[in-house]
Student: 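Here you go, one structure.
As the structure lists them, so they are numbered: ligands from 1, and atoms in each ligand from 1. The basis for the numbers below is simple: all heavy atoms, side chains too, and nothing from hydrogens, waters or symmetry mates.
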Amino acid sequence: MKVPPTPPNKTVVRNSRTRLGAVKSKAQSNLSVVSNAPITASSSQTPLPPSPHSLRTQPSSIKQYFTPHMIHLWLKNLESIVHLNEAWNKKLNEDFTSWYWILHREKIKNSHQSLPITKEEYSLIASYIKTFPCSTSVIQAISAIIFRPPQVVKEIYDRITLGKKEPEEDTQWLGTIYKPFISKTLARHYEELLNIEKNLIQFDYSLALLWDKNVSPPQAYQPYRVYNNIDDEVIPYLKYTLENLINWKVKSPDVEFNYGCDCEDNCQDKKCSCAADNEDGYPMKNGRLIRSDIGPIYECNSNCKCNETCPFRVIQNSVRNNSNFEIFKTPNKGWGVRTLVTIKEGSFVMEHVGEILESRTAKLREVCYDKLDMLTYFDFDFGFDESKRSNVLCADSNYWCNISRFLNHSCNPNLITIPFFVEYKDIRFQRVAFFAQRNIPASTELTFDYKIKSDDFECLCGSSLCRYNKGPSKTNYKKSKRSKMEID
Ligand SMILES: C[S@@+](CC[C@H](N)C(=O)[O-])C[C@H]1O[C@@H](n2cnc3c(N)ncnc32)[C@H](O)[C@@H]1O
């Protein structure tokens, strides 16, 4: 992953009240072209050289600029357009995350007055006309890239598509963009454009949230204790969920596997069919694992005849108690999680949750995550061999998540991951539980083994058993490359 270098200092006015959502100024809608565009990079893809003043007026890091919330909104928008087309996704992601357009957005956001449309914006829109069929989503995506109201983007889109001349006709570049639109499908096209116009009137509020800090996101719900005595970074705005959320593109679980036991004695007899699904029987006793060399754990569920007090319902009934944990800033691995109470060996600690994606959607998002060096996915690949890899679902916990999102890796971890099944026994819908591998004293950081196969992982676990690094310098911390986490 290459993070673009810090951009140069530009003169921008801070603390403006400019809002994208409010399509407020006529001037913004009155298109005018500036040939001496205020932003002078020669190409939208070219990273700009760093500047010593950059921190004063520009986002100091890509992480600060692209918060999980913004990325989530962007990806939702993207997924509605590209429908699993990787090449398109790449183009959109590249434009969206290029420093050129980041600077452009900052400039517009911070300007007190409406800035005229630049020739670079026209060129960008023209490049999308060539690439994508026109739709509300495309207009909205462009609007998110250049930070102009979609109505304005649409107006330019129309001008270009219908071959209208721009006010500043003699500008050289106009000739290349405004080719007359001669097409038999013109009438149909008009109709499409009219429909788009209607949709745009209901301007998507979430797009405004993408860039305008003055449009406040829903109140951050912070269910965990957070402690930071290292620096002044605050925890990103995230959406906390107790259970996995299934992305709409994921095929529903196979109901054939939704079965339960018919024990009449509340599963007191060892013959329970759910317990029998477990290799060597149900592996938990008195609320704790009795052995760790096990396959997945199968529990009773709502299809069973037993009730909530059945002994084969330990994980599902385990208390998800946030007050036992604290998210804290580590000196060298970003945020981590520690326990505030002693945890006994074999106890259930937490479940890994996120937004469940199928592999093609994950691949689409990956383009953006790779560029931004964001967190990655947790593959639910237990029991899948390489040939069936495309059926593996994964949890994306960049935005929808629980505290497990902050668990760091260690080569000598105190947690193990074990897949488990409750309602759905379809292997694609495996869930993942973290258990304590040993007694864990209060105040200890909780870690698990990411099982990263890449040699690029610069592990800072600090364990004498570390299998990645031959002692990296602590002051030389670099973010690790994106890599997949796997379950035991
Ligand atoms: C699942 S997140 C854990 C939370 C993360 N520390 C944070 O601040 O958001 C995974 C990321 O944490 C960092 N990380 C976790 N364990 C690490 C380790 N042992 N060495 C270096 N970096 C680690 C890497 O940046 C990795 O991409």
Student: At less than 4.0 angstrom from any non-hydrogen atom of Cys459, what atoms of ligand 1 do you find?
Tutor: 19 (N), 20 (N)
Student: Assert yes or no for the condition that the ring centre distance of Phe448 to Phe434 is strictly below 6.0 Å.
Tutor: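 They qualify: ring centres under 6.0 Å apart.
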Student: Both conditions, 6.0 Å and 45 degrees, for the charged tip of Arg467 above the ring of Phe457: are they met here?
Tutor: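 No cation-pi geometry.
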Student: Report yes or no: does Gly336 have a heavy atom closer than 4.0 Å to ligand 1?
Tutor: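 Contact absent.
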Student: Using a 4.0 Å cutoff against the non-hydrogen atoms of Glu458, which atoms of ligand 1 qualify?
Tutor: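 By the 4.0 Å cutoff, the relevant atoms are 20 (N), 21 (C).
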Student: Would you tell me which option among Phe406, Phe448, Tyr450, Trp335 has the nearest heavy-atom contact to atom 10 (C) of ligand 1?
Tutor: Tyr450
Student: For ligand 1, which atoms have a heavy atom of Arg405 less than 4.0 angstrom away?
Tutor: 1 (C), 2 (S), 3 (C), 4 (C), 9 (O)
Student: If you measure every N or O of Leu460 against every N or O of ligand 1, does any of those distances drop under 3.5 Å?
Tutor: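 Between Leu460 and ligand 1, an N or O pair is found under 3.5 Å apart.
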Student: By number and element, which atoms of ligand 1 are closer than 4.0 Å to a non-hydrogen atom of Cys461?
Tutor: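 Near Cys461, the atoms of ligand 1 are 19 (N).
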Student: Looking at ligand 1, is there an atom of it that comes within less than 4.0 Å of some heavy atom belonging to Leu407?
Tutor: yes
Student: When Ile418 is tested against each of Ile294, Val432, Ile315 for side chain to side chain contact (heavy atoms under 4.5 Å, CB included), which residue passes?
Tutor: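 The single option meeting the side chain to side chain contact (heavy atoms under 4.5 Å, CB included) with Ile418 is Ile294.
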Student: List for me each residue that meets ring-ring contact (aromatic ring centres under 6.0 Å, His included) alongside Phe325, sequence neighbours excluded, and say none if there are none.
Tutor: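 Here no residue qualifies.
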Student: I want to know whether His72 and Phe66 have ring centres closer than 6.0 Å.
Tutor: no
Student: Using the salt bridge (Lys or Arg N to Asp or Glu O under 4.0 Å) definition, which of the options Arg405, Lys76, Lys249 pairs with Glu355?
Tutor: Lys76
Student: Taking distance alone, with N or O pairs closer than 3.5 Å, would you say Ser410 contacts ligand 1?
Tutor: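 There is no such contact.
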Student: What are the atoms of ligand 1, with element, lying closer than 4.0 Å to any heavy atom of Asn408?
Tutor: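 Result: 3 (C), 4 (C), 5 (C), 6 (N), 12 (O), 13 (C), 14 (N), 15 (C), 16 (N).
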Student: Looking at Phe457, which atoms of ligand 1 are within less than 4.0 Å of one of its heavy atoms?
Tutor: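 Selected atoms, number and element: 17 (C), 18 (C), 20 (N).
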Student: Please list, chain by chain and in numerical order, all residues satisfying ring-ring contact (aromatic ring centres under 6.0 Å, His included) with Phe328, sequence neighbours excluded.
Tutor: none
Student: Ring centroids only, cut at 6.0 angstrom: are Tyr240 and Tyr224 within range, meaning strictly under it?
Tutor: yes
